[in-house]
Peer 1: 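I have a structure here, written as structure tokens, and I will follow up with some questions on it.
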Number of protein chains: 2
Amino acid sequence: MTSSTPSRSRRNGAREDRVERGIPEATVARLPLYLRTLTALSERGIATASSEDLATSAGVNSAKLRKDLSYLGSYGTRGVGYDVEYLRYQIAREIGLTQDWPVVIVGIGNLGHALANYSGFASRGFRVVSLVDTDPKRVGETVGDLQIEAYATLQQIIDEHRVAIGVIATPAGAAQQVCDDLVAAGVTSILNFAAAVLSVPDGVDVRKVDLSIELQILAYHEQRKALAAGGAAAAALEDGVEALEVDTA
Amino acid sequence: MTSSTPSRSRRNGAREDRVERGIPEATVARLPLYLRTLTALSERGIATASSEDLATSAGVNSAKLRKDLSYLGSYGTRGVGYDVEYLRYQIAREIGLTQDWPVVIVGIGNLGHALANYSGFASRGFRVVSLVDTDPKRVGETVGDLQIEAYATLQQIIDEHRVAIGVIATPAGAAQQVCDDLVAAGVTSILNFAAAVLSVPDGVDVRKVDLSIELQILAYHEQRKALAAGGAAAAALEDGVEALEVDTA
DNA sequence: AGGAGTTTGTGAACGTGAGAACAAAATCGA
DNA sequence: TCGATTTTGTTCTCACGTTCACAAACTCCT
């Protein structure tokens with residue numbers, strides 16, 4: 001998914017390695033969580049926090065948190081903990097939130113609307129610079145403090161605002177075409193809310209958020225819980241009866 | 001996360017093991033994707049598909065897909081492939097989509113609105129039976145074909161409709177309280193859209209969808225790409241200059 | 001100054017997941 | 001009926017991620 005830059009030069013220094021190889025995906029995915037936790041602590045006027053404190057607030061194991069942070073550098077003080085403000089800045093810089101990221105949203109239906117108004121973006125360095133829809137009837141409509149623009153102006157918008165990140169909130173059928181157009185216009189990161197698998201050239205990152213998939217995963221576990229809690233025999237029957245030998249513990 | 005039911009009885013049969021241990025999390029997360037792929041093929045009138053076909057459509061490796069499917073049982077035919085309709089049913093049954101899942105959404109702001117109107121839920125066996133909001137002014141308002149109900153009626157709603165899955169779309173500050181109330185009322189699976197870490201008792205599953213985190217992950221990769229593409233020297237300077245030795249390949 | 005107490009950073013062990021590779025099982029044509 | 005061909009199901013290996021456990025490094029108190 002990430003542009004594969006295999007290790008080219010071999011040299012000492014963990015810091016150097018980080019620049020070369022980057023941070024493990026799993027860690028990257030947690031950094032925003034830590035950032036949010038630190039911001040919350042900062043707002044409560046807390047200046048220093050141990051890995052244990054942070055881990056509890058973030059809902060993770062403290063060893064994992066320490067290891068995650070160690071990929072960024074050695075920003076803690078043994079016997080003391082981490083300086084909240086300092087660590088917050090370091091994580092923000094690492095993720096790239098010390099700069100401003102212009103974002104364009106394509107497809108202003110129910111979800112697009114909600115995303116356009118979502119305050120969580122603006123407060124974290126993301127600026128929705130334009131809303132685009134393929135439906136000409138919607139063009140001109142005001143959402144939040146933006147007007148919906150014509151799909152034909154996509155290229156112009158992306159050039160003008162130097163947009164690198166695009167959000168797709170169209171129906172599934174339109175998603176691949178929109179994706180292709182975004183990529184052609186120079187977008188290299190896409191957040192996809194459409195229920196479709198997007199194919200993109202190398203060097204373009206795609207992340208997908210699929211609401212119904214999340215619910216389905218919950219449903220699977222929910223079903224298992226229901227089965228485990230007494231319905232085992234009935235389930236075996238419904239299942240076709242392979243081996244109905246309930247171990248009566 | 002999942003209720004830990006360690007292997008109690010030891011017996012042969014992969015099918016038996018599946019029931020005991022369940023399917024790997026990573027596989028569970030992909031089953032809905034396969035399901036969608038199969039539905040799409042079915043609608044195009046395709047009766048049979050090889051693992052290669054399915055894998056391509058789903059955007060995964062074919063070996064991975066075969067291994068995933070093998071956890072459910074042996075539903076393919078060597079030399080032929082999988083019967084689309086049959087496999088679709090088996091996956092649906094495994095996930096628990098042959099039954100209907102009543103869902104309640106709490107917090108009908110921008111996002112709650114969008115979720116309430118989201119057609120992707122209904123089409124996959126999830127039925128939004130009630131919308132709840134803490135703001136008394138919103139109560140009675142119509143969204144889609146439902147009316148927003150008072151927060152105080154939460155318990156009653158959950159009992160009446162036998163709701164097992166709750167969706168939290170409130171501001172972060174209210175999320176934990178709502179979560180506690182949902183759990184107290186009998187909900188055992190929660191999909192959380194609020195930017196907060198929820199703590200729940202054992203036996204309750206939580207999945208979170210955080211839009212701003214997804215964007216931040218993209219931003220990290222985007223920044224790396226920008227750095228890799230020429231800005232390396234400038235970045236090293238800004239970084240504090242540890243060792244500015246660019247390997248000129 | 002020195003010892004007791006904290007807390008980080010990391011090495012090592014373990015578990016899970018991904019992908020290559022191949023034997024087993026099916027179809028098809030002669 | 002038999003060999004050629006296709007495609008599944010599974011084994012094996014490797015990479016990645018998590019957790020434990022502990023030495024190193026810091027503070028604080030006497």
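Here is how names work: the chains are called A, B, and so on, in the same order as the sequence lines, proteins then strands, and each is numbered from 1.
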Peer 1: Applying salt bridge (Lys or Arg N to Asp or Glu O under 4.0 Å), which residue pairs with at least one partner in residues 207-219 of chain B are found, sequence neighbours left out?
Peer 2: A:Arg36-B:Asp210, A:Arg207-B:Glu214, A:Glu214-B:Arg207

Peer 1: Given C:dG9, is OP1 or OP2 found less than 4.0 Å from the side-chain N or O atoms of A:Tyr82?
Peer 2: yes

Peer 1: Between A:Leu198 and A:Ile190, does the side chain to side chain contact (heavy atoms under 4.5 Å, CB included) criterion hold? Intermediate values first, please.
Peer 2: CA-CA 10 Å; A:Leu198 298 180; A:Ile190 288 173; 4.2 Å; yes

Peer 1: Name all residues meeting the side-chain contact (heavy atoms from CB on, under 4.5 Å) criterion together with B:Ser51; count only those two or more places apart in sequence or in a different chain, and write none if there are none.
Peer 2: B:Ser62, B:Leu65, B:Arg66, B:Tyr82

Peer 1: State which residues pass side-chain hydrogen bond (donor to acceptor under 3.5 Å, both in side chains) with B:Thr37; sequence neighbours excluded, sorted by chain then number.
Peer 2: none

Peer 1: Just how far, in rounded Å, is C1' of D:dA25 from OH of A:Tyr75?
Peer 2: 19 Å

Peer 1: Please list, pair by pair, any protein nitrogen or oxygen found under 3.5 Å from a nitrogen or oxygen in nucleotides 25-29 of chain C.
Peer 2:
none

Peer 1: Please list, chain by chain and in numerical order, all residues satisfying ring pair (Phe, Tyr, Trp, His ring centres under 6.0 Å) with B:Tyr89, sequence neighbours excluded.
Peer 2: none

Peer 1: Counting only N and O atoms by type, is there a donor-acceptor contact under 3.5 Å from the side chain of A:Thr27 to the main-chain atoms of A:Ile23?
Peer 2: no

Peer 1: Sequence neighbours excluded, which residues qualify as side-chain hydrogen bond (donor to acceptor under 3.5 Å, both in side chains) partners of A:Ser70?
Peer 2: none

Peer 1: Once you round it to whole Å, what is the distance between C1' of C:dG11 and OH of A:Tyr71?
Peer 2: 12 Å

Peer 1: Report each atom pair, protein N/O against N/O of nucleotides 18-20 of chain C, whose distance is under 3.5 angstrom.
Peer 2:
from, atom 1, to, atom 2, distance (Å)
C:dA18, OP1, B:Arg30, NH1, 3.0
C:dA18, OP2, B:Arg30, NH2, 3.0
C:dG19, OP2, B:Lys64, NZ, 3.4
C:dG19, O6, B:Lys67, NZ, 2.3

Peer 1: Tell me: CG of B:Leu69 to C1' of D:dT10, nearest whole Å?
Peer 2: 14 Å

Peer 1: Please name all residues satisfying salt bridge (Lys or Arg N to Asp or Glu O under 4.0 Å) with B:Arg30, sequence neighbours left out, ordered by chain then number.
Peer 2: B:Asp68

Peer 1: By side-chain contact (heavy atoms from CB on, under 4.5 Å), which residues pair with A:Thr48, not counting sequence neighbours?
Peer 2: A:Val80

Peer 1: If the condition is side-chain hydrogen bond (donor to acceptor under 3.5 Å, both in side chains), which residues does A:Ser42 pass it with, not counting sequence neighbours?
Peer 2: A:Glu85

Peer 1: Tell me which residues in residues 35-54 of chain A put a heavy atom below 4.0 Å from DNA chain C, sorted by number, or none.
Peer 2: A:Ser50, A:Ser51

Peer 1: Mind calculating the distance between CZ (A:Arg66) and C1' (D:dA23) to the nearest angstrom?
Peer 2: 13 Å

Peer 1: Rounded to the nearest angstrom, tell me the gap between atom CG in B:Leu72 and atom C1' in D:dT8.
Peer 2: 14 Å

Peer 1: Return each pair, listed once, that meets side-chain hydrogen bond (donor to acceptor under 3.5 Å, both in side chains) where at least one residue sits in residues 163-182 of chain A; pairs must be two or more places apart or across chains.
Peer 2: A:Tyr151-A:Asp181, A:Gln176-A:Asp180, A:Gln177-A:Asp181

